[in-house]
Amino acid sequence: MERYVLGCEMRKKVAIVCILKNEYAVLPSWLCWHRLLGFEHFIIFDDGSTDGCWELLCAAKKIYNIDLRLASIFGPGEYIIRQEEAYKFALSTYKDEFEWLLPIDADEFINFNQVQNVSTFLERFDHVDGIAVNWCQYGSSGHVLDPRGPVVEAYTRHGPPEGVFASHVKSFVRPEAFTGNWINVHCFDLPSDRYVDASGSPVEWGLTPGISARMPNWSAAKIMHFQVRSMQSFVERTKKHRNLSYTTDIFRQLDTNHHEDLAPLARAAELDIEICRLHKAVEHSLIEKFLQCLQDTIIKNYIESKRPTLRVIKSFHNTYLAFDPIDDSLFQVEDVGLPDDRGLPVYIFKAFDFVFFIAFADKRRGDIRAPLIDVIGFARMAVTGFDQSERYGFTRIGSQFLYSAEMGTSRVTVDKVLWSSWEMFELRDPPSTRDFEEVAGIWTAATRSPGDEAGASFDFRSAVQAVDARGIFDEIRAIDKDDAILVLRSVGLDKGCANAIYNNRR
């Protein structure tokens with residue numbers, strides 16, 4: 001079986017397989033936790049997420065090996081059918097690439113108790129085709145509202161080994177040994193004499209395959225199952241799955257907190273650093289998309305005389321948000337066009353259906369720089385109508401706390417977890433195009449392409465007007481792209497803007 005070398009250590013190739021939908025609350029923790037355990041490949045099927053999972057995973061591909069697909073390729077119908085098809089697809093498609101696959105959900109975190117990583121764990125199982133790892137059901141740990149921090153740090157209490165769900169397992173599978181006959185998500189059709197539990201003992205199923213007949217043995221490994229989490233999380237899940245009969249009785253049944261497990265906290269420092277690295281990759285990816293979208297908007301605005309898509313943010317009590325670059329904070333002003341001496345206008349640009357960006361145009365420096373671009377987030381936006389206009393609630397990436405413009409002061413706080421009407425914001429057109437035109441003219445480093453002379457800059461607005469004045473738009477419509485790019489570069493445009501103008505020609 002194929003192996004590969006990372007550094008000086010021989011490692012077996014293994015990948016996690018997951019199908020998920022709207023799991024952004026746990027996804028950063030889930031990815032980073034398993035990466036720290038040595039999982040270097042993820043095969044993920046997104047089942048139509050609307051909370052930012054898809055965008056986060058697209059950004060995470062820059063630092064992780066993620067094969068990302070849409071679960072819609074398996075057709076409509078019940079989720080359990082798409083889950084079955086996704087697992088069978090992965091086992092068939094990747095059988096020549098990976099020695100082991102581990103199909104788990106986004107609320108399931110594997111943990112090893114005797115070794116530090118998955119490669120060392122798997123070294124003991126060269127003689128088998130399947131390894132069943134028992135669930136360990138974690139409860140709310142007393143949290144009513146979602147706590148801050150990674151899941152494995154916030155929820156430390158779990159149920160007893162004799163609990164009803166502790167007998168369920170999830171399985172490592174050698175895809176080359178899978179027969180193709182489907183049993184369920186917990187176990188797979190493999191030779192019975194080559195199917196063992198995490199301690200190496202032969203599996204013994206109860207009445208249902210995938211549910212062990214024996215008391216679970218967590219000494220070698222377990223699946224930390226964070227199915228319930230806080231009461232708030234349970235209520236939100238109930239809202240999303242109205243076809244399921246979730247009740248307070250079910251919450252009490254699942255909310256098992258008999259034993260405290262602090263062992264995962266040994267990795268807390270590493271995990272926090274890894275999550276910060278992931279969030280930074282997400283922010284960089286979104287900033288790149290923002291700059292490209294803003295550049296395309298500017299081009300279309302001047303070529304096609306379209307209205308700008310920038311907006312300003314208005315609070316419930318008729319103030320606007322401004323930015324203080326010294327304190328790196330937001331505050332409120334009465335007139336968005338005239339913030340006080342310490343403030344800069346704040347703009348919102350809608351780049352996706354649910355993602356908003358704030359762009360801070362520093363008129364004193366005359367450019368747009370990454371430190372002055374802040375990501376408001378994969379906002380869990382309250383799309384609640386007031387006076388027939390949409391209002392939104394904003395959260396920051398990696399936090400459940402809301403931006404709130406305090407009434408009667410200039411403060412903007414980020415410390416609430418529940419929305420009230422006065423914490424909503426409206427997106428309004430700027431009072432004039434003056435500010436937008438200033439933003440349109442401040443392309444320097446933000447629009448320079450790799451390979452251009454370091455430190456070079458140009459006035460984008462003037463260059464576009466020069467192109468228009470010389471009638472070059474008519475000329476580039478009639479020639480091929482390479483020649484058109486040369487013409488556009490001759491009037492001062494860099495490679496990126498020349499390509500953008502050519503692609504938006506009529």
Side-chain angles (χ1 to χ4, degrees), residues 1 14-21 39 42-45 47 67 69 71 73-110 118 121-122 125-137 161 163-218 220-225 227 241 243-244 254:
M1 184 58 63
V14 58
I16 287 180
V17 182
C18 182
I19 178 172
L20 56 81
K21 179 177 182 179
F39 290 92
F42 300 86
I43 302 164
I44 299 179
F45 302 87
D47 196 31
D67 191 344
R69 301 170 185 264
I73 62 175
F74 305 117
E78 294 185 10
Y79 167 80
I80 192 172
I81 301 300
R82 287 191 299 281
Q83 185 180 40
E84 173 186 339
E85 293 301 319
Y87 285 178
K88 291 193 296 186
F89 176 89
L91 288 165
S92 173
T93 303
Y94 296 95
K95 65 181 180 181
D96 296 327
E97 186 173 353
F98 296 106
E99 187 174 353
W100 292 98
L101 294 180
L102 174 62
I104 56 176
D105 295 336
D107 60 358
E108 296 173 334
F109 294 58
I110 194 167
V118 63
F121 173 77
L122 292 174
F125 298 100
D126 285 339
H127 61 293
V128 303
D129 297 325
I131 310 166
V133 184
N134 280 94
W135 268 356
C136 182
Q137 188 82 7
V164 62
F165 296 105
S167 298
H168 289 66
V169 306
K170 285 298 179 75
S171 301
F172 284 92
V173 184
R174 288 191 192 271
E176 65 176 8
F178 177 57
T179 65
N181 297 321
W182 182 252
I183 299 178
N184 56 47
V185 299
H186 299 280
C187 71
F188 297 84
D189 191 14
L190 301 169
S192 59
D193 61 338
R194 295 178 62 85
Y195 214 141
V196 300
D197 64 20
S199 65
S201 302
V203 295
E204 182 181 342
W205 302 131
L207 296 177
T208 302
I211 301 179
S212 176
R214 296 193 299 264
M215 185 80 73
N217 183 349
W218 294 328
K222 63 184 177 182
I223 299 287
M224 299 186 294
H225 193 198
Q227 183 179 14
H241 301 284
N243 58 316
L244 302 178
L254 297 175

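A 4.5 Å side-chain heavy-atom check between Val128 and Phe172 finds every atom pair outside the cut-off.
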Let me check something: any side-chain donor-acceptor pairs from residues 130-137 under 3.5 Å, sequence neighbours excluded? List them with distances.
{"from": "Asn134", "atom 1": "ND2", "to": "Ala166", "atom 2": "O", "distance (Å)": "2.8"}
{"from": "Trp135", "atom 1": "NE1", "to": "Glu108", "atom 2": "OE2", "distance (Å)": "2.9"}
{"from": "Gln137", "atom 1": "OE1", "to": "His225", "atom 2": "ND1", "distance (Å)": "3.1"}
{"from": "Gln137", "atom 1": "NE2", "to": "Gln227", "atom 2": "OE1", "distance (Å)": "2.8"}

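Rounding to the nearest 0.5 Å places OG1 of Thr208 at 9.5 Å from NE2 of His186. One distance of note links CD of Glu176 with CH2 of Trp100; it measures 9.5 Å at 0.5 Å rounding. The line from CZ of Phe178 to CG of Leu91 is 5.5 Å long, rounded to the nearest 0.5 Å. Atom CZ of Arg69 sits about 7.5 Å away from atom CZ of Phe74, to the nearest 0.5 Å. Between Met224 atom CE and Ile104 atom CD1 the span is 10.0 Å, to the nearest 0.5 Å. With values rounded to the nearest 0.5 angstrom, Asn184 atom CG is found 10.0 Å from Gln83 atom CD.
Closest non-hydrogen pair, Pro103 versus Phe188, comes out as CG-CZ, 3.8 Å. Closest non-hydrogen pair, Val185 versus Trp182, comes out as N-CZ2, 3.7 Å. Ala198 and Ala220 make their closest contact through O-CB, 3.3 Å (heavy atoms, listed as atom of the first residue, atom of the second, distance). Listed here is the closest heavy atom pair of Cys18 and Ala106: SG-N, 3.7 Å. In this structure, Ile43 and Ala15 approach most closely via the heavy-atom pair CD1-CB, 4.0 Å. Closest of all the heavy-atom pairs between Phe45 and Ala71 is CB-CB, 4.2 Å.
With Thr93 contributing its side chain and Phe89 its backbone, the two residues share a donor-acceptor pair below 3.5 Å.
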Test side-chain contact (heavy atoms from CB on, under 4.5 Å) applied to Lys170 and Asp105, step by step: CA-CA 9 Å; Lys170 285 298 179 75; Asp105 295 336; 3.7 Å; yes

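By the side chain to side chain donor-acceptor pair (under 3.5 Å) test, Ser212 pairs with no residue at all, sequence neighbours left out. With sequence neighbours excluded, the residues forming a side-chain contact (heavy atoms from CB on, under 4.5 Å) with Arg194 are Asp129, Pro191, listed by chain and number. For the side chain to side chain donor-acceptor pair (under 3.5 Å) test, residues two or more places apart in sequence or in another chain that qualify with Asp189 are Thr179, Asn181. Looking at residues two or more places apart in sequence or on another chain, you find a salt bridge (Lys or Arg N to Asp or Glu O under 4.0 Å) between Asp47 and Arg82. With sequence neighbours left out, Tyr87 forms a ring pair (Phe, Tyr, Trp, His ring centres under 6.0 Å) with no residue at all. Partners of Tyr195 by side chain to side chain donor-acceptor pair (under 3.5 Å), not counting sequence neighbours, listed by chain and number: Ser171. Scored by the salt bridge (Lys or Arg N to Asp or Glu O under 4.0 Å) test, Arg214 finds Asp197, Glu204 as partners (sequence neighbours excluded).
Under the 30°/60° scheme for interplanar angles, the aromatic rings of Phe98 and Tyr94 are found to be tilted.
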